[in-house]
Amino acid sequence: MHINPTRTQLESLKRLDREAPLSMLNLVRLRAKAEYQDGREATGAEAYTTYGRESGKFFQSVGGELIWRGMPQTVLIGPEAEHWHVAFIARYPTAAAFLAMITDPGYQAIVFHRDAGVEDSRLIAMGEQDAGGGFG
């Protein structure tokens, strides 16, 4: 399962152009029951909602904005067992802004809610490109 980035993945992110805009595709599968280290009781959805509420001020303080959010319904291409509860794209004015958010001590103090609620996730950093007239 993938909940947090590995050191190698973080280093890869740090090599991106830090002044270029960055969009992050988030796919999240929640646990039925949150796994808090302190033993508190909550569902995965409740823990993730708490994370969203408490992380919002850090997200907004670096200029982050939610640009798309959808409700995953079915997998058309890919492993059929790979289902997601949450899908969204968050945009940051720069890669440096994203890095500033995730290294902020206040953010680090609340990210345990995400860790408790998430069973598996994908976080894909995307640079911007002109849409043009087609897929290719």
Side-chain angles (χ1 to χ4, degrees):
M1 298 300 151
H2 305 278
I3 298 173
N4 291 301
T6 65
R7 180 169 299 282
T8 301
Q9 290 167 326
L10 278 175
E11 292 303 318
S12 178
L13 177 67
K14 290 177 183 178
R15 288 191 295 272
L16 297 178
D17 179 353
R18 292 196 185 190
E19 297 310 310
L22 181 70
S23 293
M24 299 294 256
L25 171 61
N26 291 255
L27 301 172
V28 180
R29 182 176 317 124
L30 300 170
R31 300 177 197 274
K33 181 180 180 198
E35 294 182 3
Y36 278 105
Q37 297 299 314
D38 64 6
R40 77 179 75 182
E41 297 286 325
T43 66
E46 290 167 339
Y48 196 75
T49 296
T50 300
Y51 162 72
R53 184 178 58 250
E54 293 189 15
S55 66
K57 64 183 173 190
F58 302 102
F59 179 61
Q60 292 170 355
S61 74
V62 299
E65 62 179 318
L66 192 61
I67 61 171
W68 177 85
R69 186 169 138 184
M71 181 178 291
Q73 295 179 330
T74 189
V75 175
L76 297 179
I77 299 174
E80 291 179 24
E82 194 169 89
H83 65 279
W84 306 105
H85 296 116
V86 178
F88 63 93
I89 299 174
R91 185 177 188 281
Y92 298 85
T94 63
F98 175 77
L99 288 166
M101 182 187 78
I102 65 171
T103 58
D104 183 297
Y107 175 85
Q108 290 182 354
I110 59 90
V111 77
F112 72 96
H113 293 294
R114 183 184 187 283
D115 294 346
V118 172
E119 178 182 329
D120 197 8
S121 66
R122 303 293 182 270
L123 182 60
I124 303 170
M126 302 181 295
E128 294 189 355
Q129 186 177 30
D130 182 31
F135 297 126

Do you know the tightest heavy-atom contact between [X] and [Y]?
X: Leu30; Y: Ala45; result: CD1-CA, 3.8 Å
X: Tyr107; Y: Tyr51; result: OH-OH, 2.7 Å
X: Met1; Y: Glu119; result: CB-O, 3.3 Å
X: Gly63; Y: Pro93; result: O-CD, 3.4 Å
X: Val118; Y: Ser121; result: CG1-CB, 4.0 Å
X: Leu66; Y: Ile89; result: CD1-O, 3.6 Å

Roughly how far, to the nearest 0.5 Å, is the [atom2] atom of [Y] from the [atom1] atom of [X]?
X: Leu10; Y: Leu99; atom1: CG; atom2: CG; answer: 8.0 Å
X: Glu41; Y: Lys33; atom1: CD; atom2: NZ; answer: 4.0 Å
X: His113; Y: Ile110; atom1: NE2; atom2: CD1; answer: 6.5 Å
X: Gln129; Y: Ser23; atom1: CD; atom2: OG; answer: 12.0 Å
X: Phe98; Y: Leu13; atom1: CZ; atom2: CG; answer: 6.0 Å

Same cluster (ILVMFWY, side-chain, under 4.5 Å), [X] and [Y]:
X: Leu25; Y: Val62; result: no
X: Ile124; Y: Val86; result: no
X: Phe112; Y: Tyr48; result: no
X: Val75; Y: Leu27; result: no
X: Ile67; Y: Met126; result: yes

Problem set entry | Polar side-chain atom of Asp120 near backbone of His2 as donor-acceptor pair, under 3.5 Å |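 Checked: pair present.
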Exercise. Short question: side chain of Arg31, backbone of Thr43 - any donor-acceptor pair under 3.5 Å?
Worked result: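 Such a contact is absent between Arg31 side chain and Thr43 backbone.
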Exercise. Between Gln9 and Ser12, do the side chains contain an N or O donor and an N or O acceptor separated by less than 3.5 Å?
Worked result: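 Judged by distance alone, the side chains do not pair up.
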Exercise. Can you list the residues that meet the salt bridge (Lys or Arg N to Asp or Glu O under 4.0 Å) rule with Arg114, with sequence neighbours excluded?
Worked result: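 Scan of Arg114 (salt bridge (Lys or Arg N to Asp or Glu O under 4.0 Å), adjacent residues dropped) gives none.
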Problem set entry | Flag side-chain contact, heavy atom, 4.5 Å: Asn4 against Asp115 |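 Yes, close enough: below the 4.5 Å cut-off.
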Problem set entry | Audit row: Thr49, Glu46, side chain to side chain donor-acceptor pair (under 3.5 Å) steps and yes/no | CA-CA 5 Å; Thr49 296; Glu46 290 167 339; over 6 Å; no
Exercise. Is there any side chain to side chain donor-acceptor pair (under 3.5 Å) pair reaching into residues 72-85, and which pairs are they, with sequence neighbours excluded?
Worked result: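 Pairs touching residues 72-85 that pass the test: Glu82-Arg122.
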Exercise. Taking only residues at least two apart or on different chains, which pairs with a member in residues 91-104 satisfy side chain to side chain donor-acceptor pair (under 3.5 Å)?
Worked result: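 Pairs touching residues 91-104 that pass the test: Arg91-Glu128.
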Problem set entry | Residue Arg7 excluded, over 12 heavy atoms near CZ under 6.0 Å |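 Open.
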For this session: Begin from the C-alpha positions of Leu22 and Leu16 and carry the test side-chain contact (heavy atoms from CB on, under 4.5 Å) through to its verdict.
Result: CA-CA 9 Å; Leu22 181 70; Leu16 297 178; 4.2 Å; yes
